Amino acid sequence: MARIRRWRSLAGRRPLAALGAAAALALGGLSAPAWAGTAPKPGSNPAVDYQNPLSALPAVSRPATRHCTVEVMRHDFGNTLSDPPYSTTVTPPSRCAGPWTKVVMDWSGSVKGRQYDRLAGVWLGGAEIFRTSTAEPDEDGISWHVDKDITEFAPLLRNPQQLQVELGNVVNATYTGVYHTRLSFTYYLADARHPAARTADQVIPVARQDPKSAPWFELGKGQSASTAVAFPTNLTRARLELYARGGGCDEQWFTAVPDDLAKSAPDYLCGGGPYREVLVSVDGRPAGLAQPYPVVYSGGIVPTLWRPVPAIDQFRTEAYDIDLTPFAGELADGRPHSLTVTPYSANDTWTVGGSLFVDTDHGRARTSGAVTSDSLTAAPRVATAETKRADGGTDVAVGVHRDWSISGYVDTSRGRVTTTVEQHLGYTNTDTVSKTGQHQVVRQRDAGNTTVRTAGPGRTQRAQRHSWSSPIDVDSDAVSNVDYNNYDLRAAVTQGRTETDAVRSGRDGWRTTASTDDRLNATGELARKNGAVLTADGTSTEHYRGSTAAGFCYDRTLRAAHGWITSDTGGICTSGRNQRRYGGPPA
């Protein structure tokens, strides 16, 4: 349970097993088992018995080409909290040596007994390719599967690379759940109908170099992570794919309150305020910004909220793209450059890391250039207002607006190319907090867009725009909280993610290339007395719709009650003149 502060200990994980800690169309989701849509079991209790997790997202589309599947890991994560990450070597299969039109990763897990949700990550050649958190088990055990398109990592996949997997777990007399995991890569060969995928020229890890620890950076309050990166001397483009996820008091950072209010009810409230952003700096200069999605772990707020439909981003954390191309001309000077990641207003641990995707000039050994303007400030202006209520509670209102632009050029073999990155962000959070801190009603709205404009010699200016909206509403009530075996928790959560990608050329209008809209409503309650479950129930509805400019469309709705799917409708839909089949069993 991530809201109640005194239940946060045990090396940054919550010590109560029952209260421990999925996204773009082309990137995949949870598979649908054969029994999806069955009625709840009579007298079902989602605290001890619930259906395997299932989300409304489509599985990764898989081309009908010759392919090879390689199981790269089969491992049981028992008492591993202090162990180094699992490590092995991945070699591309000789029968499918490439080129590939697509490469798909499949992650499967199972667990039974009593256990927390855990944070996990996968690295290839030091570059993080997957971030996830685990499900919490019931007594009989559960299993789940997540797939992801990892084609963009083809520059690493072509050669033998070290594979590392981190899943810190605790197994003892109380917490008995062992996470049984499998990981496989499927390489789909290119052919006449399925051309080889276009990817960056190189992938450079942004990671901690410590063989005894996971490659991600774990940052405490007020900390930053810095690493020195040597870029190619003929660099033309650089994109950072960044992972950032809060832990402890910052697992549900969107319910955090100002420090003075948090001190009035330290058993229930976390400080630091509710606004978070992650700043990326190059050699000390602000270079880009990410707004983290409000992820909820499978045991977060009230565990029965997410049984069996997981919260958005729970099992496949979406990375954030930060275009560093305005700095490319300066990064190509042959000297190491410092890349720094700083979570703003972090009140507890943040786990960050990622990968750089870089392109080079195939007609010149050296490029050069400069940053010509940079209006991004290192810290936002956060407006906070606290108003006392007649009943002794407090209304908190927080607002942030960010508008910034960075421009730079790089001189290439084809001439000078200028890139401008602009971002506009609007954020509001209102929170009605009871006098005791036990009851919170939070409404958060976070929306904006990032536009990348490119102009080169003899070419029409091109632009790409990514727009997002990440609303979340939380009504949570800790009716009682005596100890780990005596409590009464209730909550209702509504969350969403809307993303739209669009392009334009010259004076033409914007053309949408992809869009996703994922909405989830959930209610949950869980009460125990002397360790025995008194009340456990939950309901949820998830509606996902995604489409592309080619007319591919997926529209699906799940409804669940008492821990079981009661309705599963939709699937393939038509958008425009084409349609495409998604899903199916892993190849």
Side-chain angles (χ1 to χ4, degrees), residues 8 11-13 21 80-87 118-133 153 156 161-169 203-231 238-251 253 272 276-293 295 297 313 316-322 324 331 336-358 378-379:
R8 297 184 184 99
R13 310 300 199 268
T80 58
L81 191 63
S82 300
D83 292 349
Y86 170 89
S87 180
R118 303 293 184 178
L119 188 65
V122 179
W123 292 263
L124 185 70
E128 188 168 4
I129 66 172
F130 181 58
R131 176 77 65 91
T132 187
S133 56
F153 292 94
L156 293 175
Q161 298 285 352
Q162 182 188 37
L163 178 85
Q164 295 171 284
V165 180
E166 169 70 8
L167 198 167
N169 192 26
V203 180
I204 302 174
V206 177
R208 182 171 60 173
Q209 304 298 322
D210 184 351
K212 296 182 180 181
S213 302
W216 53 33
F217 298 95
E218 293 182 299
L219 305 178
K221 184 176 182 179
Q223 292 183 327
S224 298
S226 293
T227 184
V229 179
F231 290 85
R239 174 178 67 89
L240 173 64
E241 188 175 88
L242 176 69
Y243 286 99
R245 194 157 168 175
C249 244
D250 266 19
E251 282 186 14
W253 47 267
R276 299 290 184 273
E277 64 179 32
V278 183
L279 177 72
V280 175
S281 302
V282 173
D283 296 331
R285 290 183 297 175
L289 205 61
Q291 282 70 41
Y293 184 80
V295 184
Y297 285 72
D313 237 27
R316 193 197 55 77
T317 298
E318 187 169 309
Y320 309 102
D321 279 344
I322 297 177
L324 301 178
L331 297 174
H337 291 269
S338 176
L339 198 68
T340 302
V341 180
T342 306
Y344 171 79
S345 195
N347 197 55
D348 211 323
T349 302
W350 278 77
T351 306
V352 303
S355 309
L356 284 160
F357 296 83
V358 303

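All of these numbers come straight from a predicted model, not from anything done at the bench. Counting from 1, the numbers follow the sequence of the chain as shown.
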Using a 3.5 Å distance criterion without hydrogens, assess whether the side chain of Asp348 forms a donor-acceptor pair with backbone atoms of Gly246. no
Can you find a pair of side-chain heavy atoms, one from Thr351 and one from Glu218, that are under 4.5 Å apart? yes
Would you please say whether a donor-acceptor pair under 3.5 Å links the side chains of Ser133 and Arg245? yes
Kindly say whether Thr317 contributes a backbone atom to a donor-acceptor pair with the side chain of Tyr293 at under 3.5 angstrom? no
First locate atom CD of Glu251, then atom CH2 of Trp350, and finally report the distance between them rounded to the nearest 0.5 Å. 10.5 Å
Do Leu289 and Val278 make a side-chain contact, defined as non-hydrogen atoms from C-beta onward lying under 4.5 Å apart? no
Give me the atom names and distance for the closest heavy-atom approach of Ser355 to Ala127. OG-CB, 3.3 Å
Taking side-chain contact (heavy atoms from CB on, under 4.5 Å) as the criterion, tell me which of Val341, Leu279, Val352, Thr342 meets it with Ser224. Thr342
Shortest non-hydrogen pair, Ala290 vs Tyr320, comes out as CB-CB, 3.7 Å
Over all heavy atoms of both residues, which pair between Ala214 and Pro85 is shortest? Give the atoms and the distance, please. N-CD, 3.9 Å
Taking every non-hydrogen atom, the tightest pair across Pro286 and Ala378: CG-N, 4.0 Å
Applying the side-chain contact (heavy atoms from CB on, under 4.5 Å) criterion to Pro215, which one of Arg208, Gln164, Gln209, Glu166 satisfies it? Gln164
Can you check whether Arg316 reaches Phe130 side chain to side chain, under 4.5 Å on heavy atoms? yes
If you round to the nearest 0.5 Å, how far is CG of Leu163 from OG of Ser87? 7.5 Å
Would you find a donor on one side and an acceptor on the other, under 3.5 Å apart, between the side chain of Thr80 and the backbone of Asn169? yes
To the nearest 0.5 Å, tell me how far Thr349 OG1 sits from Gln223 CD. 8.0 Å
Please check if the side chain of Asp283 supplies one atom and the backbone of His337 the other of a donor-acceptor pair under 3.5 Å. no
On a heavy-atom basis, the closest approach of Thr227 and Phe217 is CB-CZ, 4.3 Å
Can you tell if the side chain of Glu241 reaches within under 4.5 Å of the side chain of Phe153, non-hydrogen atoms only? yes
Could you give the distance from CG (Leu119) to OH (Tyr243), rounded to the nearest 0.5 Å? 11.5 Å
Could you pull out the closest heavy-atom pair between Glu277 and Pro292, with the gap in Å? CA-CD, 3.9 Å
Would you mind telling me which of Val203, Leu242, Ile322, Val206 makes a side-chain contact (heavy atoms from CB on, under 4.5 Å) with Leu356? Val206
When rounded to the nearest 0.5 Å, the distance separating CH2 of Trp123 from CD1 of Ile129 is 10.0 Å
